[in-house]
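We use all heavy atoms of the structure for the numbers below, so side chains are in, but hydrogens, waters and symmetry mates are not. Sequence lines set the chain letters: A, B, ... in the order given, protein chains first and strands last, and positions in each chain run from 1. Quick caveat: nothing in here was measured; it's all calculated off a predicted structure.
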Amino acid sequence: MPLRLHDTRRREKVEFKTQSPGKVGMYVCGVTVYDLCHLGHARCYIAFDLIHRWLEASGYDVDYVQNFTDIDDKIIKRSIESGEDWKVLVEKNIETYYEDMDSLNILRADHYPRCTEYVDSMIHIIEDLIQKDHAYTAEDGVYFHVESAPDKYGQLTGQSIDAVRQGAGGRVQGTGDTKRDHKDFALWKQAKPGEPTWPSPWGEGRPGWHIECTAMSLDHFGVSFDIHGGGHDLRFPHHEAEIFQSECHTGHSPLAGYWLHNGFVNIDGEKMSKSLGNFWTIQEIRKKIDPMVLRFALVNAHYRSPIDMNEQLLKDAQRNHSRIIDVYASALHGCTEGQVHNLPMADITSMNPLSKSLGLLEKMAEGFARAMDDDFNSREAVAKVLAATKELQRVLSMELDEGDSRAVANYAKVWLEETAGQILGILPSPEVVLAEPEEDPRRAEIAPKVDELLAQRTAARTNKDWPRADAIRDELAELGVVVKDTPDGPTWDFA
RNA sequence: GCACGGAUGUCGGAGCGGUUACGUCGGGGAUUGCAAAUCCUCUUACCUGGGUUCAAAUCCCAGUCCGUGCUCCA
């Protein structure tokens with residue numbers, strides 16, 4: 001089944017065809033490194049990581065470019081506020097960016113260009129746009145004249161230029177400066193005293209935001225490439241500005257074969273924003289929960305739909321994620337040295353329970369692939385993994401001889417690694433799964449007391465003194481300890 | 001105002017012409033001294049009004065409500 005994906009420009013799911021066979025050029029707008037990354041960044045780069053992984057798994061050679069915007073108004077503002085050199089600020093945030101993304105198991109892109117390295121090409125493009133009458137110089141910089149290419153307006157948002165001619169809801173003051181028309185956007189900004197600058201034919205200054213991506217994508221891919229991605233909010237004006245700049249400069253259309261935009265993250269039903277005070281940085285989240293659980297929660301939604309982050313969602317994610325890990329762990333434990341038998345034929349209609357289970361699992365794997373081929377529907381793919389988890393659990397606990405049970409364990413291991421591991425990226429490495437859990441310092445602290453109480457409770461239970469046994473359990477509950485009775489005796493953990 | 005999405009069971013959220021989503025919650029059962037954990041199992045649904053069709057949650061038209069964008073933003 002062919003891969004289909006939703007293209008923002010055409011506003012529908014279309015079959016994926018690359019510009020050159022077997023190769024994919026993918027450009028995703030990166031972060032402006034003036035601050036730490038937040039939940040929204042996590043969502044965006046996990047979404048494109050998933051796309052990256054699935055394209056690779058489907059046999060494409062993906063050239064993935066993701067930029068850093070390392071100079072802009074906010075970086076300058078932040079640098080002035082903190083008294084820190086802007087270059088130091090930028091380096092620090094880029095370092096943390098990598099750290100955050102690594103913790104979320106996001107595979108690295110192939111290139112991370114920084115816009116300050118491309119100022120010369122930006123100047124070159126701007127000169128060309130001026131020459132072609134698509135741009136003009138004003139007192140405080142150079143602007144792109146949107147009315148010079150009206151047919152390119154609204155390609156991603158469907159807004160007509162006539163509607164916007166009326167004035168965008170009266171909310172454009174403050175961006176006016178000396179440009180001719182409120183729709184025009186800055187290509188080059190004249191520097192104010194004390195700001196970092198680059199020389200240009202229009203005096204000392206720095207590039208506008210939109211031109212950066214144009215210069216970098218042009219440099220890496222040429223006039224056109226396959227996939228352009230980014231957050232939903234970047235459709236306008238950023239991505240439409242890119243279309244204006246690139247297509248007017250190169251004369252080639254379209255700039256990108258497919259435009260992909262990920263949905264936003266809300267917190268408890270509200271838009272995540274600094275003014276609402278519900279801004280979660282990845283650094284903060286990492287202190288509270290396993291980043292792999294966060295990844296699970298984000299992968300457990302379609303990349304285009306908005307996601308409402310809340311306690312319930314994380315709790316569900318925690319539970320379902322550990323269910324998968326548990327089965328993976330028992331599969332790993334079952335992969336012992338020794339003879340491995342051939343597994344019976346996978347056959348849904350078989351009377352042999354193992355054969356039938358293998359048939360079901362094969363079908364689920366197919367469903368997984370079908371889901372991913374359908375506009376990277378990881379939500380559906382996760383559902384298949386969860387269903388398979390149940391089935392794998394069943395298979396792993398079947399009464400089998402040694403050779404068979406090794407084969408089954410290996411099958412389960414591979415099944416999960418090829419789906420939840422390689423594609424969804426939610427499986428930790430075998431080393432991590434098999435590692436002895438690190439001793440919680442809190443646990444060591446109260447262990448003697450808990451063990452003492454548990455011994456008393458076991459004695460009470462042996463004597464069938466149930467009120468006494470339950471009283472001890474209540475006492476343990478007050479310490480925040482939950483008791484689990486197993487055939488091998490009681491175990492305990494923190495609630 | 002314009003543009004783009006969405007409306008599904010207690011809830012979160014898939015499906016998008018005929019078939020079990022998945023999970024949570026709730027009911028029943030197994031297990032247990034009782035619980036917890038685990039496993040099995042059950043009920044319940046497609047915003048409103050028209051239309052197309054043998055068949056609509058799914059397609060078309062109209063309406064209502066909600067979200068987002070139109071300004072820096074993943």
Touch class at under 4.0 angstrom, heavy-atom based, for A/K384 against every strand present: nothing
At 4.0 Å (heavy atoms only), tell me whether A/G40 reaches a base, stays on the sugar-phosphate, or touches nothing. base
Students often get this wrong, so: under 4.0 angstrom with heavy atoms, is A/R323 touching a base, only sugar-phosphate, or nothing? sugar-phosphate
Can a donor-acceptor pair under 3.5 Å be found between the side-chain atoms of A/E380 and the base atoms of B/G15? no
Over all strands shown, is A/D470 touching base, sugar-phosphate only, or nothing at heavy-atom distances under 4.0 angstrom? base
Side-chain donor or acceptor of A/R473 under 3.5 Å from a matching atom on the base of B/A35? yes
Tell me whether the NZ or CZ atom of A/K77 lies within the 45° cone about the ring axis of A/W86 and under 6.0 Å from its centre. no
Report which part of the nucleic acid A/K77 touches: base, sugar-phosphate, or nothing (heavy-atom distance under 4.0 Å, all strands). nothing
Taking only the side-chain nitrogens and oxygens of A/K390, find out if one of them lies under 4.0 Å from OP1 or OP2 of B/G23. yes
Can you check the A/Q393 CD to B/C22 P distance for me, whole Å? 17 Å
In whole Å, what is the span from the CZ atom of A/F296 to the P atom of B/G23? 10 Å
For the pair A/D140 and A/K179, find out whether any cationic side-chain nitrogen is under 4.0 Å from an anionic carboxylate oxygen. no
For A/Y143 and A/F185, I'd like to know if the aromatic rings sit close, meaning centre-to-centre distance below 6.0 Å. no
Classify the nucleic acid contact of A/S305 as base, sugar-phosphate or nothing, counting any heavy atom under 4.0 Å across all strands shown. sugar-phosphate
Check for me whether the distance between the ring centres of A/F48 and A/Y64 falls short of 6.0 Å. no
What is the distance, rounded to the nearest whole Å, between atom CD1 of A/I307 and atom P of B/G67? 19 Å
Can you tell which of B/A14, B/C70, B/C4 lies closest to the side chain of A/R379? B/A14
In whole angstroms, how far is the P atom of B/G33 from the CD1 atom of A/I472? 17 Å
Return whichever of A/G30 or A/R11 has its heavy-atom-nearest nucleotide of RNA chain B closer to the 5' end. A/R11
Select base, sugar-phosphate, or nothing to describe what A/V382 touches, counting heavy atoms under 4.0 Å on all strands. nothing
Could you check A/H41 against A/Q312 and say which one's nearest nucleotide on RNA chain B is further toward the 5' end? A/Q312
For A/K484, answer base if it contacts any base atom (sugar-phosphate contacts may also be present), sugar-phosphate if it contacts only those atoms, and nothing otherwise; contact means non-hydrogen atoms under 4.0 Å. base
Would A/Y45 pass as stacked on B/A74, i.e. its ring centre under 5.5 Å from the base's six-membered ring centre and planes under 30° apart? no
If you check the A/F236 side chain, which of B/A14, B/C70, B/C4 turns out closest? B/C70
Checking all strands, does A/R10 fall into the base, sugar-phosphate, or nothing category for heavy-atom contacts under 4.0 angstrom? nothing
What does A/H238 touch in the nucleic acid at a heavy-atom separation under 4.0 angstrom: a base, only the sugar-phosphate, or nothing? nothing
Polar side-chain contact A/D485-B/A36 base: donor and acceptor under 3.5 Å: no
So, are A/R10 and A/D7 salt-bridged, with charged N and O less than 4.0 Å apart? yes
Pairing of A/K183 and A/E147 as salt bridge, 4.0 angstrom limit: yes
Using a 4.0 Å heavy-atom cut-off, does A/V28 contact any base of the nucleic acid, only the sugar-phosphate backbone, or nothing at all? nothing
What contact category does A/N320 fall into here, base, sugar-phosphate, or nothing, at under 4.0 angstrom with non-hydrogen atoms? sugar-phosphate
Regarding A/R319, tell me which of base, sugar-phosphate or nothing describes its non-hydrogen contacts under 4.0 Å with the strands shown. sugar-phosphate
Involving RNA chain B, stems made of at least three consecutive Watson-Crick or G-U pairs, both distances under 3.5 Å: B:1-7 with B:64-70, B:26-30 with B:38-42, B:47-51 with B:59-63
